[in-house]
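The chains referred to below are lettered A, B, ... by the order of the sequence lines, with proteins before strands, and numbering in each begins at 1.
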Amino acid sequence: MIPVDYYIILSAILFVIGVLGVLIRRNALIIFMSIELMLNAANLAIVAFGSVIKSFDGQIFVFFVIAVAAAEVAVGLALIVEIFKSKRSIDVDQMSSLKG
Amino acid sequence: MNQFDLTTILPITILTVWACVLLLVDLFIPKTRKGITALLSALGLAATLGFTLSQIGMEDSGFNGMVALDGFSTFVNALLLVSGLLGVALAYGYVKRMGIERGEYYTLLLFSVVGMMLMAQATDLIVVFLALELLSIPLYVLAAFSRPKTDSEEAGLKYFLLGAFSSGFLVYGIALIFGATQSTNIFAIVESASTSTSNLLLTIGAALLLIGFGFKVAAVPFHMWTPDVYQGAPTAVTAFMSSGAKIAGFAALLRVFATAFPAIATDMTDVLWVLSAATMIVGNVVAIAQTDIKRLLAYSSIAHAGYILMVFVPYGNENVVATSVAAGLFYLVSYAFTNFGAWGVVIALEKKEGKGLALNDYAGLSKRHPALAAAMAVFMLSLIGLPPTIGLIGKIYLFRAVIDAGFVWLAIIGVLTSLVSAFYYLRVIVVMYMKDGEPTAEREPWLDMTTAVTALVTVIVSFVPQFLFAWASDAVLKLF
Amino acid sequence: MNLSLTLLTFSPLIGILVLLFMSGNNRNTMRWTALITSLVTFGVSILVFTMFNASNPDLQLVEKYNWITVAGWNIQYHLGVDGLSILLILLTTFLTPISILSTWTAVEERVKEYMIFFLLLEIGMNGVFLAQDLFLFYIFWEFTLVPMYFIIGIWGGPRRIYAAIKFFLYTMAGSILMLLAILWLGVNGGTFSLPELIAQGGIPSNIQWWLFLAFAAAFAIKVPMWPLHSWLPDAHVEAPTAGSVILAGVLLKLGTYGFVRFNLPLFPEAAVRAAPWIALLATIGIIYGAAVSYAQADIKKLVAYSSVSHLGFVMLGLFALNPEGIAGAILQMINHGISTGALFLLVGMIYEQTHTREFKVYGGLWKITPVFGTIFLIVALSSMGLPGLNGFVGEFTILLGAWGAGQNGVFYWGNVWFAAISALGVIMAAVYILYMFQKMFLGPQGEIVDEVKKHGHAIRDLNWREIVTVVPLLIFIFWIGLYPAPFFDIMAPAVDKLVAMMPLP
Amino acid sequence: MHLSETANTGFLFLAPWLVFFPVIGLLINGIFGGRLSERMVGAVASLASGAAFVVSLLLFVTVSGSHGEAMRWHLAEWIHIGELSLDWTFRVDSLSTTMMLVVSGVGTLIHIYAIGYMHEDVRFKSDPGRFRRFFVFLNLFIAAMMILVSGDSYLMLFVGWEGVGLCSFLLIGFWYEMDTLARPSWANSDAAKKAFIANRVGDFGFLIAGFLMFFAFGSFQFDAVFAKAHEVPHEMIIAITLFMLIGVAGKSAQIPLYVWLPDAMAGPTPVSALIHAATMVTAGVYLITRSAPLYSVVHEAQNIVALVGAITALFAATIAVGQYDIKKVLAYSTISQLGFMVAAVGMGAYVAGMFHLVTHAFFKALLFLSAGSVILGVERGHHHAAHAHASPLSQRERARARESKGKKKEERHDAHDDHASAEHHEAFDPGDMRNMGGLRKTMPVTFWLYMIGTIALAGLPPFAGFWSKDEILLDASHHSQTIYWLLTVAAFFTAFYMGRQIWMVFFGEARHEAAAHAEESPKVMTVPLMILAALSILGGALNLPFEGFHNLGHWLEYTIGEVEALGLDMQVAGVSTVLALIAILISWLLYGRNPMKQGQVDPLKKGLGPIFTGMENKWYVDELYHAIIVTPFNKISYFLADVIDWRFWHDWFHEKVIAGTYNWISFIGLNEYADQKGIDAIANGLGVWTQNFSATLRKVQNGFVRSYALSVLLGVVLILGYLVLK
């Protein structure tokens, strides 16, 4: 059996990739996908931990996270669509009228 | 699930159901008369508030320890519901004036309140996460409610992206905690944590959790979104968001940290100390340079988060934690009322197209609208922490707790930064009272009433704070 | 149940409520309302005074009710008066109607708010002098800031906003540190009640020192002690006349009173330790203030800096820690209130006519305004410390006390030098006061006379209202100067009691 | 009170009325004076002063009746706090009654004289309304002086001491809007200020002496202090007495604080006579006499006092020689004579000092008032002359104008209507002796009175001045040769400058039209002068140096203890008389034989050259003080006020440093930096640090949302880093 540490390391790597994606990419959609990556990294960790302690708690939690993420997607996409309608762009760097 | 389980979340249930019903009812309300929706939602909030108040003194736990009903939650829920009511009252005329009067506004607001209330009651990290998202998602939408105004959309998107980003950390934190303690229930966590030897995983998890909450309450350095979002969002939303989200965030932070992580308090204390100090300093210092009242209040809101954060610093010290938390609760109340009042005045002066928000637009207000100016002056004094306002009492309570716990230097930073804050709050008064101008303000009955009520509460409670003191300290009694 | 002190503190509230419901046009009614209210308050203070037993050194007419006694708090609504504060109370209630009277024609705009703020200020000041609970005291203390801030900021001179904010921030900077010290005391002593805390005593001396400094920070800024005086000239110059009168007359006394009421009895060891340092600052303040006064081109600024000098005397006396010094200092607080208050009043009266405070345009006014000149002279001489007038009695006893303290080692290395150097201030006071008097009233006619004439009206002498405004002050100038015995008798027992607490070397 | 309990108190209860009468007088004049006529005002004031004189007489009788025993009348408490207990207690003993009599007696005469003098003076200066003010001040002075001499403690004495200083200020600056030549100027008020400040310097010494005394003796009350004079350490008493000497130097115009007195001549002449010659300036002498028990135990201090007095006497006398202003000569003469007195009391010759004080009060008042009469006479002459030049037409016009201007104008003296005309007062100085000459003929009464005063001052027998000065010289000859010779030389100069004055003023020919047209003064002025003249002649009888005639000595003995009564030493008396005669002879040779002509340089100047220039310019002491005290003080004040307090402390420190730092921080804190660029900068730094992402991260320029996210990440990294690495 693969030790749980491997999963955790993998999830950590995924998480960091997600974070860096948010930091580096300018496309709102891709940033959004990176966030999903972060959430999924967490999911991976939870599932891994859950399997170690032989508990369903982790898996249940993952379902919750997935559901919430779906809800977020709905709202997020709607927002992006709105922005695109008015700005004709989803480059987050162009959204900088609020500052100071 | 039994009836006790339902009792524990009775107010939440009522409000949720009401919100769902309202969503449907709203369809049948004509576009020009969305005020009815507002009234109905206020009614729902008021009814829920009634139920919540009836629960004072009740202690219960439901859904296998997933949620708790105790003095703390009741206190926070009541405060949240009042905030909701004030939020509705502020929005009533505002949305009409700004041409964004749509029924969903109130429904979303109700759902957000539900999330906040759940947050205060959550005793399981899963529920915390759920509640957080439940309160956040409607706020993302509300922030962008003025669409197609770019500012509002931008605010919504920024809030959303960063909010989701920070909940990523939160979830990962929960995952690590789960790994470290094999549970997500805060009572189980504390037991597990006290037996285990290595806490690194738990510590990191807790830190990530802290970051998630820190984002919600706008603690430095997770505060960057605040001014932009507060500025871009419709003012009525900002008002609600700045109070409600903060209350909920702090409530969860209080409960989770005080209950689940006393074992790692020594580590966290330093972090919290720095967070609190940094938040107070940055919030207040940056606020000085603001010329836009919304941004000014946004930074003020950051700064106040810093003050409240002070009460977390000694959370591991059993002797003082109760006082601290009670002080934090009281401060939340004082901040909520003052803050709503101040935003109310901002709303009264705001014009379409984002006009009327510069500080200079307040020039001469005391001559044209003396009552409004007086109210704003009271709010500003309260935010500074001067008599005769509740802000002073709140600050004194906070500082007492901090001194009690022995963090004198933090208290000194606190008072010094409030001195700094006096500078920009006073500028508002200066502009209103000592400069000449011809400001115009909207005088809507509900808005006026909100402002008046908050102003009166701000002043009167400062003379008789003992009842709230008592309630706040009772509320935390059973928490530990 | 004796509610006299509550009545005294809050009686201006009646006037405020009446004023709130007045319409904005009948300004004279508002003025009368405020005046009558303040006179009623003065009446109440006289009543309190008649109930006051001067031979009793303790707090009297005490009102003590639980206020906030939940959640680990132990805060009382605790008022009381003793020999240290009764005179200051009377000074407050006495100066308020005078100040209101002095603004009869000077304030034409927003009279209603002005009067409300003024009466609010009176509540605050009375509260500060009467509060015996640290928490209550702090609330009143901070509260006095607010109305004064508005008074300077709305009705002040051209740089009023700057002055108001500076006044506010400066004062607040000190008081927030005091807040922490108060909380420390409250937390560790279990009570905020001043008498109880004094009775408990036993604060370790190193902590005493820090607490002392925290309190001193608040009070020293208010006094203001050198070198924290920078806000004072701004505030005084920009404040409207009545604001200056109250500022100089009472608000500055809050600081010195704070030292007497809190710093000395709460932290006796630290007070003894600090005595030479405070005396040093006071001495510097006396000389510095006097020197700087002399070089001012603006009348109000001169008077403002003279306050630095005068309050230096007060501080020197307080920290002489002997009966002569402390009693002299308390009397000097009253004297300074009366004399400097009167000076500001008089300067305001001429300013109302000429709209300038530059010395260079004045001169020879005594010929045109004999009554004004004579009254000004008397007040100036009182400020200068001419024997037979009030200033001398205070200054002399202070210097005597300071000399004695120096001889008895209270000032350690300072010895009698503080008193000796401070006595030089007596010469310097003559220099600047006479300079002021000369430049305004003596010498050839200044250009302002013709300047005013150009606007169609000559400079006039005092009218009856103005005379009525100053004469009460003159009466006290002579009374205290010639027969201060009753004043000393009132404070002596309390002062002796205070001195007895000091662990003098 | 314990003393008076045993004695017959007689009129003692009247003691406070010494002060009350003048105060009542000043209140009546001050409040109702506006409605009273000039005569009434003068009468009230004179009556008030006269009443004080009567009270003094009655007290004198009482004290005589009780064999000179000191009596005290307790009026009220004053300051009672801690160990300090001060009362308003009046002390009536032989010393104080002597002073009371001098003060109120001379004072009353001068009040009466002033009615006449001021009547004209206020018209010359065209402000008749100020007549009343003069008498108010004069009464105030009498009151203050009475407090000074009747106080039972050093503190009460100090009250009077400062009070008379105030009156001096008010009266010197009486014509505050002009200079001595009535031109608009700050000069008179400057002189007044100078007097007060110089006095305050002295008062500082007095205060310090007071503090030392209180902590050495435990009291300010005379008896209590003197009782312990032998218990207190010697050094302490030396310190006390020397600090007191500073006070004396201020009030009695001794070196180094005498500089105010000559300037004080800016006041109206009655003021110069009363305050700056007869009474106030002698307060210092009184103080030392009063403190005799202290001075007696410290010979070191006594020597210093005597030396100061003697040097002052000579120094001032030399200056007097070089003055042209008739009052300035008298002023320096006063300083010189005060030097005599101080020297006397310094030597322990209290009786001699007091004796000279009394006689000096008589003859110097006489001289000043006569000088005033001369000045007014010349002024009248000046107006007369100016009038004569005016055309008959303009005179008629003026008469018409006068009628139309109504009653108030009518009251004015004819000659003064054209006062306002500029040329009138441009250059003429009625007090300048160079403008006088030959007044003997036009003002005979004044001349004779002046002569009497001069002889008394010059110290020729048998006038009063001779006896008193001789007694001082005699004491000095016993005490110290240095002091004796200093004083003798001073006496020589005294006779010389008085001779010079007489020759210049009254003899020869008029050097100015005004002097030629001078007019004699009215009776109200000359009668008091006659009384003073009589006293100047006969005053010596108070204390003749013959057995059985030491009246004053015996009288004062009650208060200051046994004093050795000296007989007449023919050698001392002879030397001084001969010297005086020689001095007068020299002055005749210089000024009398060939009277000065108009515009002529002083003959002495030819002979003495720079020395005379020095005398003329008062040895440049004023300039010296100006350079070493006034200018530095002004500079320091301005430096402190402008540079230190305002520009450095107020502006630079508060505005630039505190507010500036504040703004700077907030500017840095402004999103522009910390929130955006600041984070970006860090991001860029990170980019360099982590090569892998550098390329990408460098492109991150304005990615705002991402900046915010970066900030969050930064927080995460910091917190986790801290927690992990800890």
- prompt: Out of D:I719, D:L713, D:V716, D:L720, which one racks up the most heavy-atom pairs below 4.5 Å with chain B?
  reply: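 Counting heavy-atom pairs under 4.5 Å, the top option is D:V716.
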query: Which answer fits B:T266, side chain, backbone, both or neither, if we ask what part of it has an atom under 4.5 Å from a heavy atom of chain D?
result: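 For B:T266, backbone heavy atoms alone lie under 4.5 Å from chain D.
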- prompt: Relative to chain D, which segment of B:I204 carries a heavy atom at a distance below 4.5 Å: side chain, backbone, both, or neither?
  reply: both
For [X], is the [atom1] atom crowded, meaning more than 12 foreign heavy atoms sit under 6.0 Å from it?
| X | atom1 | answer |
| --- | --- | --- |
| D:E77 | CD | yes |
| D:F32 | CZ | no |
| D:F174 | CZ | yes |

query: At their closest point, which heavy atom of D:S711 faces which heavy atom of B:P221, and how far apart are they?
result: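 So the minimum-distance heavy-atom pair works out to OG-O, 2.6 Å.
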query: If every non-hydrogen atom of B:F222 is compared with every non-hydrogen atom of D:V712, which pair is closest and at what distance?
result: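 Distance-wise, the nearest heavy atoms are CE2-O, 3.5 Å.
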- prompt: Please walk me through it: do D:Y708 and B:D228 pass side-chain hydrogen bond (donor to acceptor under 3.5 Å, both in side chains)?
  reply: CA-CA 11 Å; D:Y708 300 171; B:D228 289 6; 2.4 Å; yes
query: Nearest 0.5 Å, what's the CD1-CG distance between B:I264 and D:L723?
result: 8.0 Å
